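One structure is given here, and the rest of the page talks about it.
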Amino acid sequence: MDESETNQNPKSGYKQSIPPYMKAISGSFGGVMEACCLQPIDVIKTRLQLDTKGNYKGIIHCGATVSRTEGVRALWKGMTPFAAHLTFKYALRMGSNAVLQSAFKDSTTGSLSNQGRVLAGFGAGVLEALLIVTPFEVVKIRLQQQKGLSPELFKYKGPIHCARTIIHEEGIFGLWAGAAPTVMRNGTNQAAMFTAKNAFDVILWKKHEGDQKVLQPWQSMISGFLAGTAGPVCTGPFDVVKTRLMAQSRDGGELKYKGMIHAIQTIYAEEGLQALWKGLLPRLMRIPPGQAIMWAVADQIIGLYERRYIYSAAL
């Protein structure tokens with residue numbers, strides 16, 4: 001369902017909105033399903049982005065190499081922080097977006113402009129980047145970049161140990177390494193995604209806000225998939241820089257990248273412009289399908305709530 005869905009009570013004329021907490025719950029369930037299905041693609045994306053020596057020849061070669069040298073289970077490395085971060089991230093994203101869209105609605109008509117939808121999406125992306133995404137992804141990326149078949153030789157023994165080690169060696173703000181590009185990436189992504197999801201629902205399925213129409217799961221998946229394609233192309237450099245900043249630690253002394261701008265300049269100078277879009281294909285293999293899965297679950301949960309607590313109450 002659209003993020004600012006309101007439903008008209010035919011008896012009273014009062015518009016009932018889906019509570020933000022229901023949007024949050026629907027997003028969290030969608031996040032769990034997405035994490036279980038798409039974790040291997042995220043591992044491959046991270047390995048490709050961290051590959052400065054050309055060890056991997058592409059997505060298939062990377063996945064095959066990881067499976068052969070580290071075992072198939074290595075493709076689910078970082079699953080715990082990944083699933084947890086998606087669950088909390090989508091709960092915060094969907095809930096905060098609903099609250100912000102309500103704030104940006106016209107006070108007299110109750111309608112939401114395209115500008116308000118974009119701003120609400122950007123705000124939700126910034127909040128999730130600062131409160132959830134950055135620390136979880138720092139831990140996830142540190143775990144994913146560890147190579148080998150012997151876990152006892154790994155520096156980080158698990159997500160909790162990894163977080164404690166980072167705090168001990170780099171301070172609490174070590175968990176927020178790469179925060180600036182993460183904010184830019186997520187803010188832009190969500191501004192585009194929420195706006196595009198609403199547009200595709202209208203264009204493809206004639207689904208308008210408050211029309212009491214519940215999309216079928218396959219319809220939600222198509223709208224979600226299409227809405228999830230624009231962000232990765234636009235925000236590729238922010239994602240690469242984010243990964244590099246999060247992956248580096250102070251083990252070897254000085255940090256190679258001093259910040260977002262310095263990282264962009266260094267990557268461009270050493271590896272060329274195309275390096276700023278490393279991992280784009282696996283991102284496109286993960287994010288649009290991820291949005292398809294998430295929206296298919298979320299729309300059905302919201303639809304169930306509407307049918308049970310809003311439509312039935314209005315009869």
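This structure is a prediction, so every number in the text was calculated from the model and none was measured.
T46 places none of its side-chain heavy atoms less than 4.5 Å from the side chain of M246. Put simply, the side chain of M22 reaches to within 4.5 Å of the side chain of I301, judged on heavy atoms.
With K77 as reference, E70 is the one residue of E70, Q144, Q39 to meet the side-chain hydrogen bond (donor to acceptor under 3.5 Å, both in side chains) rule. Here the rule is side-chain contact (heavy atoms from CB on, under 4.5 Å) with D239, and of K278, M184, K45 only K45 fits it.
Using cut-offs of 30° and 60° for the angle between ring planes, the F88 and F136 rings count as tilted.
For I60, the CD1 atom counts as loosely surrounded, since its 6.0 Å shell holds 12 or fewer non-hydrogen atoms of other residues, nucleotides or ligands. Around atom CD1 of I160, no more than 12 heavy atoms belonging to other residues, nucleotides or ligands sit under 6.0 Å away. Residue Y56 qualifies as enclosed at atom OH: its count of foreign heavy atoms under 6.0 Å is above 12. More than 12 heavy-atom neighbours from other residues, nucleotides or ligands sit within 6.0 angstrom of CZ on F122.
Salt-bridge formation is not detected for the pair R47/D51: no Lys NZ or Arg NE/NH1/NH2 atom is positioned less than 4.0 Å from an Asp or Glu carboxylate oxygen.
In this structure, the side chain of K213 engages the main chain of W205 through a donor-acceptor pair within 3.5 Å. No donor-acceptor pair closer than 3.5 Å links the side chain of T134 to the backbone N or O of L130.
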